[in-house]
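Throughout, a chain's letter reflects where its sequence line sits, starting with A, and its residues are numbered from 1.
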Amino acid sequence: LSFRPVFIAIVIGTALIVAGYMVNWYRPRIVTQQPTAAFVRASGKCAECHSNLQYSVVHEYELSVHAQKRINCLECHAPAAGQPSQDHHDFVITTRW
Amino acid sequence: MVDAEDAAWPRWVLFLAWGGFVGNFIFSLADHAQNGFFYEAEWIPVASSAFAVGFLLVFFLVPVNRPFFVACALVLLVQAVVGLLGFYYHTAANLRGPSASLFDNFVYGAPAMAPLLFPNLVLLAAIGLWVLLRVENLNRESERTLAKPQADSDDNG
């Protein structure tokens, strides 16, 4: 009974997992360490759509103090208690800010 | 055209399944990275598809024995379970999604059908494994029957 094929398979599998983990590990902490999954998603998803629809908004954010202080889109646009809200592509945002 | 009775046919099927699992690995890694792997369970499809990639790749690297077929079948069985678990998690997440509209939750939320690619590919790989095992058994039997008369004639001579 040869364990060589199983050993090779496990080495390849483990190498892929470690590679995936390393890619995620080197992402900025401000992106990955957020209070909710929606906040994590907001970092990329908001810019992904709005850079096509309203590039000026994204560019303005990139130049802003908010970006320097790493403030997430949703931190301002999420509805506070009592604020009116609306559904927006799997996010809930306020209609007033 | 590849002959269905030839070992090349199941190897091509396994190669296609392997390509599918490479895709599953990349997509589950990239899609769950959007969430920053907020829930630790999001690593499950990444890890399981990585092992599926490893086990299926071995068929093209070194000669395999019968126990490896069994090990590979078990790894594939795990993939099917992971796929069904993913379908449940994605559907459950969409059912309690942030949007008031259930339709919006399913359209913009976690892709409910995507994890079912795992069991789909398991079926493809299982076909490849089964046929390859059958072809290898047939080859072994024919080698044995070819070797036997020669051994008999050697005894007589």
Study note, to complete from the structure: Those residues of residues 114-126 of chain B that come under 4.5 Å of chain A on a heavy-atom basis, listed by number, are none
Practice item. Would you indicate whether Y89(B), at its atom OH, is surrounded by more than 12 heavy atoms from other residues, nucleotides or ligands within a distance under 6.0 Å? Key: no
Check your understanding: Are L76(B) and F51(B) co-members of a hydrophobic cluster defined by side-chain heavy atoms under 4.5 Å apart?
Key -> yes
Check your understanding: Any link between I71(A) and V58(A) through a network of hydrophobic side chains (Ile, Leu, Val, Met, Phe, Trp, Tyr) touching at under 4.5 Å?
Key -> no
Review point. Any side-chain heavy-atom pair from I12(A) and L61(B) closer than 4.5 angstrom?
Key: yes
Practice item. Let me know if Y108(B) has heavy atoms under 4.5 Å from chain A in its side chain, its backbone, both or neither. Key: both
**Study point:** Crowding at CZ, F103(B) (>12 non-hydrogen neighbours, <6.0 Å)
**Key:** no
Point to revise | Any residue meeting ring-ring contact (aromatic ring centres under 6.0 Å, His included) with W130(B), in chain and number order, not counting sequence neighbours | key: none
Point to revise | CG-CG distance between D87(A) and N105(B), expressed to the nearest 0.5 angstrom | key: 7.5 Å
Practice item. Using non-hydrogen atoms and a 4.5 Å limit, figure out which bit of R27(A) sits close to chain B: side chain, backbone, both or neither. Key: side chain
Check your understanding: Same cluster or not: are W12(B) and L132(B) linked, directly or through other Ile, Leu, Val, Met, Phe, Trp or Tyr residues, by side-chain heavy atoms under 4.5 angstrom apart?
Key -> yes
Point to revise | Interface moiety of F59(B) toward chain A, non-hydrogen atoms closer than 4.5 Å | key: neither
Check your understanding: Hey, does F55(B) have a side-chain heavy atom less than 4.5 Å from the side chain of V6(A)?
Key -> yes
**Study point:** Positions in residues 21-37 of chain B that reach chain A, provided some heavy atom is under 4.5 Å away
**Key:** F25(B), L29(B), A33(B), Q34(B), N35(B), G36(B), F37(B)
Exercise for review: Specify the closest pair of heavy atoms between P63(B) and P5(A), including all atoms of both residues, with the distance to one decimal.
Suggested key: O-CG, 4.0 Å
**Study point:** More than 12 heavy atoms from other groups under 6.0 Å of CD on E60(A)
**Key:** no
Review point. Between L74(B) and I8(A), is there a shared hydrophobic cluster once you connect ILVMFWY residues whose side-chain heavy atoms come closer than 4.5 Å?
Key: no
Review point. With the 4.5 Å side-chain cut-off for hydrophobic clustering, are F68(B) and F15(B) part of the same group?
Key: yes
Exercise for review: Using a heavy-atom cutoff of under 4.5 Å, enumerate the residues of residues 14-25 of chain A that contact chain B, numbered in order, or state 'none'.
Suggested key: T14(A), L16(A), I17(A), G20(A), Y21(A), N24(A)
